[in-house]
Amino acid sequence: MPAPLMHIQSSPSLPSEADVVVIGGGVVGVFAAYYLARRGVKVALVEKGLVAAEQSSRNWGWCRQQNRDARELPMATKSLALWDALAAEIGADVGFHRCGLLYLSQDEGEIETWARWRDFARTVGVTTHVLGADEASERGRATGRQWKGGVFSPSDGTADPSIAVPRVAAAIMKFGGSVHQNCAARGLELSAGRVSGVVTETGSIRTKTVVMAGGAWASSFCHQLGIRFPQASVRSSILAVSPGAEGLPDALHTAQVSMTRRSNGGYTLAISGRARVDPTPQQIRFGREFIPMFARRWRSLAPGGWQGWRLGHETLKKWALDDVTPMERTRILDPKPDSRQIRLTYERAGKLMPDLARCKISDAWAGYIDSTPDGVPAIGEVKSVPGFILAAGFSGHGFGIGPGAGHLIADLVTGEEPIVDPRPYAPERLNRSAWGKVADF
């Protein structure tokens, strides 16, 4: 079943022209369109299915600085400030609060790694507290266990994936932009090699600037333009339990299981990093680029099935602009969750927090997490197609850093001072090897 999601109404009609067209109604595309609309830019957001229906509603909801790669940390810090301001700006709650994130461990090596990150974070003004055994056990008292240590990041928090992105999308229209659901972008029109329009299934939009924020679909779309964007996805399975557990942390990570309190009082449960690798044509094509990533993550990954091949988001086929595309055949990527992992997650959660064993599973779902070879997103104009800005490959971090990414995209489009240094995200870096550059997360 899909993850819980609030639905919004689309704009009544597709515009014939726009200053900017954003392709993809996930967290990154929505925030990009939102910050453009706030600046008075005429922006149209097109989404093949429903806003936030894929990974943007299927994640944990964590908005964190803790343990971020150095390249992403500035964007994570800026994003938290943007999350803070959001409810007042749009006049609607997105479920964001700085509850702090708690990490507990029995592994001394892991604790030492967190301590080194703390020392680095201090150099850029980020506060995190390394916990000794007594303090970790006290903060984790709901587990009834003694812990060797942990960390607590007090300024980090969570937002509600079921409502956050749809409510920001509604605000795009409030500030003069337009949002078009069930409207797949089939491709681009070019004039003298640069962007001149977007062809959708319901008509064309003249524009000189396009933002591709298509999540797991981004590489197959780029392939239509002759752009080589190495991207691959893994299938992650998550569950939610009904309300009833009391006295538990709002957000907790352990090696056994991680948990996040939901707006309804229930909890989202997952095993961090655990995923299935579903073979696809795109994975085969870019397999060599992902060897460094696989070498770092292989203990958490397991072979999957053929869902990904059938769903078509990582196809290498070319499609015609006047015919039905894979995006129209699969409006929403809604893969089947790994039933064994769902059972294991629930069992581990009940052992870790006995109160959770009395809560029934209310929902279970899976989603495709798209990644770049180094685990850092690609954000920037593709030099071979002027006017085409890529914003994809967020590697499971997109929800938390979505506001900062959207703001950066708006800065790049309008020529304003970038909210963070854009150079670490430049797409052309992916033309080089990722050995020694894979993000720690």
Side-chain angles (χ1 to χ4, degrees), residues 8-54 165-166 168-215 217-218 220-227 318-329 331 379-382 384-392 406 409-410 412-415:
I8 64 167
Q9 293 295 315
S10 297
S11 300
S13 59
L14 194 72
S16 60
E17 60 180 340
D19 297 328
V20 182
V21 175
V22 177
I23 300 172
V27 62
V28 175
V30 164
F31 271 106
Y34 169 71
Y35 287 115
L36 287 166
R38 283 187 61 87
R39 299 179 193 190
V41 175
K42 185 179 180 182
V43 59
L45 175 77
V46 295
E47 161 57 44
K48 62 181 174 52
L50 300 176
V51 163
E54 294 187 346
V165 177
V168 178
I172 294 170
M173 294 179 277
K174 174 182 174 182
F175 288 105
S178 61
V179 176
H180 310 277
Q181 298 174 105
N182 292 304
C183 180
R186 291 176 169 176
L188 303 187
E189 293 176 332
L190 305 178
S191 298
R194 67 163 297 123
V195 171
S196 60
V198 175
V199 178
T200 80
E201 63 180 291
T202 58
S204 296
I205 308 172
R206 294 191 304 276
T207 187
K208 293 182 178 181
T209 304
V210 169
V211 176
M212 164 41 62
W217 297 84
S220 62
F221 189 95
C222 288
H223 183 58
Q224 310 306 305
L225 302 168
I227 298 169
K318 296 289 186 77
W319 56 73
L321 301 185
D322 60 352
D323 198 2
V324 175
T325 65
M327 293 86 74
E328 293 151 78
R329 296 189 186 98
R331 293 284 178 185
I379 306 173
E381 187 175 43
V382 177
S384 61
V385 184
F388 183 72
I389 295 175
L390 181 60
I409 294 161
L412 296 175
V413 169
T414 60

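Reckoned from all heavy atoms, side chains included, excluding hydrogens, waters and symmetry mates.
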* To do: List for me each residue that meets side-chain hydrogen bond (donor to acceptor under 3.5 Å, both in side chains) alongside Ser191, sequence neighbours excluded, and say none if there are none.
  => Ser196

* Heavy-atom pair of closest approach, residues Val43 and Ala33 -> CG1-O, 3.6 Å

* To the nearest 0.5 Å, what is the distance between CD1 (Ile205) and NZ (Lys42)? -> 9.5 Å

* Asked: What pairs of residues pass the salt bridge (Lys or Arg N to Asp or Glu O under 4.0 Å) test when at least one of them lies in residues 173-190, not counting sequence neighbours?
  -> Arg186-Glu328

* Judged by atom type as modelled, is there a donor-acceptor pair below 3.5 Å linking the side chain of Ser11 to the main-chain atoms of Val179? -> yes

* Asked: Distance from Lys318 atom NZ to Leu225 atom CG, nearest 0.5 Å?
  -> 8.5 Å

* Ionic contact status for Glu17 with Lys208, cut-off 4.0 Å -> no

* Asked: Atom CG of Leu390 and atom CD1 of Ile409: how far apart are they, to the nearest 0.5 Å?
  -> 9.0 Å

* Distance, nearest 0.5 Å, that separates CG of Leu36 from CG of Asp19 -> 9.0 Å

* **Qualifying residues under side-chain contact (heavy atoms from CB on, under 4.5 Å), relative to Ser10, sequence neighbours excluded** => Gln181

* Asked: Backbone N or O of Gly197 within a donor-acceptor pair of the Thr207 side chain at under 3.5 Å?
  -> no

* Structure fact -> When rounded to the nearest 0.5 Å, the distance separating OG of Ser178 from CG of Leu14 is 7.0 Å

* To do: Please round to the nearest 0.5 Å and tell me the distance separating atom CH2 of Trp319 and atom CZ of Phe221.
  => 7.0 Å

* Less than 4.0 Å between a side-chain N and a carboxylate O, is that true for Glu201 and Arg331? -> yes

